[in-house]
Engineer: 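I'd like to ask some things about the structure below.
Heads up: numbering here begins at 1 and tracks the sequence. In this text the structure is predicted, and so the values were computed from the model without any measurement.
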Amino acid sequence: PGQGSRSQRQCSAMFPTFQGGDGIGTGDEQRGQHHEALHQPLREQLEQLEQEPQRDHLEWTSTGVRTLPPSTIGPAAAGGLNVDSLDAYVAGIKSFAADAKLGAQVARVRCGFDARLRQVCDMPLFSHVGMGSLANALSSGDWPEAHQSAVPASPNEPVEPEGLPRLIQWSADAQSHFQTVLKALEDYQRHRQGMADAEHRLGMALQEAGQRSPGDFGEALLSCGNAHQLAAARRFEAVSTDDLHVLSKLRAHQGKAGADCKRAIRQYEAAKRELALLRHARMEAQETKSHASGDSPLAPTIEANAARLEEATMRRVQRCAESAHGKLTMFEAKHNADYASSMAAHMRSVIAEERRVAEVLVASEIAAEAIARTGPAH
């Protein structure tokens, strides 16, 4: 019996709800005590919140919502919102964003993005497909010239060579005029070549007809055929002369020297644009941070890199300006000489061509009258 009583007590302690009879009541009491122990801290916390409602502030965390004591919130706890802390946080974000934007502009200038974009937009593909205006808009963008006057002058400020803007404008006008003249001369050459081919075929046809026709009529046809053959020969000579002394010189002038000048101008304008963008970004960042909380943790590194890059860009602007001025000066002298000699050679060729053709045609006037008088023999 002693052993049975001890086993029953152990089983009752482990499984109180399966005791039967009084054991069921005993299990309910134990469960009630257990729930009471669990809910007691929650009830105490709710009572404390009801007594002091202004001390409770909620904060969202990764695990849920927890309460913050007044000491961690600040003097504005009674109002439920710390406006000063929020303003300081927003100001810090603005300063960080300003320094980050300045860093992006520094990276943009360092990698030469604008110069490469302009080089791509200058490719003939854009003009061939009719997208020249779109390419100019893409490569131009917004030039912050209005802000350059507000930037303090540097001791190493680049000095623009005298007459460089005039040379740049003249180069653009000369290149455009060259393109127009060259295209017109090429069309004139094709027209002249077509006239020579047609006169050659017509002369051969008249000569064949003259050989088949007897008498004066046949002789007149042969004479007219010979006149067309001579006129065709004069036109072929004029085509060869213009190709050698006019078009070849203009194409070489337009191709090598013109492309070199365009490249020099593009490099100068890209360097000047990058300097303006960098200065505008630095001024904008300083202005933004002056109304915010000051410098961000990025400021020392970004400002130092921006200052060094600005100095290097100013030196590059000076070098590109001097190079562009020298090349444009030589291009202007060569352009004037080549343009004058080419136009003079073309006009001499046209005058000689038309005079010789006219002499040949005047000599065949008697043959034309004989054809009209005699007519073909039947």
Side-chain angles (χ1 to χ4, degrees), residues 122-130 132 163 166-207 223-266 324-365 368:
D122 285 342
M123 290 182 176
L125 175 63
F126 285 91
S127 59
H128 289 168
V129 298
R166 182 197 65 81
L167 287 172
I168 292 176
Q169 184 61 42
W170 171 87
S171 175
D173 297 339
Q175 294 283 345
S176 177
H177 177 68
F178 244 57
Q179 290 286 351
T180 304
V181 170
L182 187 59
K183 184 176 180 181
L185 285 174
E186 291 172 347
D187 292 342
Y188 189 84
Q189 285 289 86
R190 284 191 292 268
H191 171 71
R192 182 187 276 174
Q193 183 76 37
M195 286 287 293
D197 291 336
E199 285 185 324
H200 178 68
R201 294 195 307 270
L202 182 57
M204 291 185 63
L206 291 176
Q207 287 175 349
S223 178
C224 291
N226 291 333
H228 278 295
Q229 289 286 354
L230 290 174
R234 300 295 183 267
R235 296 192 189 278
F236 280 130
E237 291 177 4
V239 170
S240 300
T241 301
D242 268 15
D243 282 338
L244 180 61
H245 298 288
V246 179
L247 289 177
S248 61
K249 183 181 294 185
L250 291 180
R251 290 192 184 104
H253 178 77
Q254 176 73 10
K256 296 180 180 179
D260 192 26
C261 287
K262 288 178 65 176
R263 190 182 306 111
I265 293 173
R266 182 174 63 243
H325 184 268
K327 290 181 178 180
L328 287 173
T329 301
M330 292 187 294
F331 179 74
E332 183 181 24
K334 189 174 187 304
H335 167 84
N336 294 335
D338 289 348
Y339 182 79
S341 62
S342 298
M343 291 300 99
H346 168 70
M347 291 308 300
R348 284 195 295 265
S349 173
V350 171
I351 293 171
E353 173 195 3
E354 297 299 334
R355 180 185 293 119
R356 292 174 182 176
V357 170
E359 291 174 355
V360 170
L361 295 179
V362 168
S364 62
E365 183 178 1

Engineer: Of all the heavy-atom pairs spanning R235 and A196, show the shortest one and how long it is.
Structural biologist: CB-CB, 3.7 Å
Engineer: As an exercise, state the distance from CD of E365 to OG of S223, rounded to the nearest 0.5 Å.
Structural biologist: 11.5 Å
Engineer: Evaluate the side-chain contact (heavy atoms from CB on, under 4.5 Å) criterion for residues E354 and E359: first the C-alpha distance (whole Å), next the side-chain angles of each, then the deciding distance (0.1 Å), finally the verdict.
Structural biologist: CA-CA 9 Å; E354 297 299 334; E359 291 174 355; over 6 Å; no
Engineer: What do you reckon, are the aromatic ring centroids of W170 and H335 less than 6.0 Å apart?
Structural biologist: yes
Engineer: Tell me whether the rings of F178 and Y339 are parallel (<30°), tilted (30 to 60°) or perpendicular (>60°).
Structural biologist: tilted
Engineer: Is S341 close to K249 at the side-chain level, that is, under 4.5 Å between some pair of heavy atoms?
Structural biologist: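 Side-chain contact under 4.5 Å: yes.
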Engineer: Kindly compute the distance separating CG (D197) from CZ (R192), expressed to the nearest 0.5 Å.
Structural biologist: 13.0 Å
Engineer: Is the number of heavy atoms from other residues, nucleotides or ligands under 6.0 Å of M343 CE greater than 12?
Structural biologist: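 Atom CE in M343 is packed in, count exceeds 12.
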Engineer: Does the side chain of R348 come within less than 4.5 Å of I351's, by heavy atoms?
Structural biologist: no
Engineer: Using 0.5 Å steps for rounding, measure from the OG atom of S171 to the CG atom of L328.
Structural biologist: 5.0 Å
Engineer: How about V357 and L230: do any of their side-chain heavy atoms sit closer than 4.5 Å?
Structural biologist: no
Engineer: Please determine if E332 and R166 form a salt bridge, counting it only when a charged side-chain N lies under 4.0 Å from a carboxylate O.
Structural biologist: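 Yes, E332 and R166 are salt-bridged.
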Engineer: Applying side-chain contact (heavy atoms from CB on, under 4.5 Å) to M204 and Q229, what does each step give before you reach the verdict?
Structural biologist: CA-CA 7 Å; M204 291 185 63; Q229 289 286 354; 2.9 Å; yes
Engineer: Find out whether E237 and E353 are in side-chain contact, i.e. whether some heavy atom of one side chain is under 4.5 Å from a heavy atom of the other.
Structural biologist: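 E237 vs E353: side chains apart.
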Engineer: Got a second to check how far L202's CG is from H228's NE2, nearest 0.5 Å?
Structural biologist: 4.0 Å
Engineer: Look at the side chain of S176 and the backbone N and O of D173, then say whether any donor-acceptor pair between them is shorter than 3.5 Å.
Structural biologist: no
Engineer: Which of these, Q193, R251, Q189, sits in a side-chain hydrogen bond (donor to acceptor under 3.5 Å, both in side chains) with D243?
Structural biologist: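 Exactly one pass, corresponding to Q189.
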Engineer: Rounded at 0.5 Å granularity, tell me how far OG in S240 sits from NE2 in H245.
Structural biologist: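 So the OG of S240 and the NE2 of H245 are separated by 10.0 Å.
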Engineer: First locate atom SG of C224, then atom CD of Q207, and finally report the distance between them rounded to the nearest 0.5 Å.
Structural biologist: 10.5 Å
Engineer: Under 3.5 Å, side chain of S349 to main-chain N/O of A345, donor-acceptor pair present?
Structural biologist: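 The answer is no, because no donor-acceptor pair under 3.5 Å joins these two groups.
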Engineer: Tell me, do L167 and F331 make a side-chain contact under 4.5 Å, heavy atoms counted?
Structural biologist: no
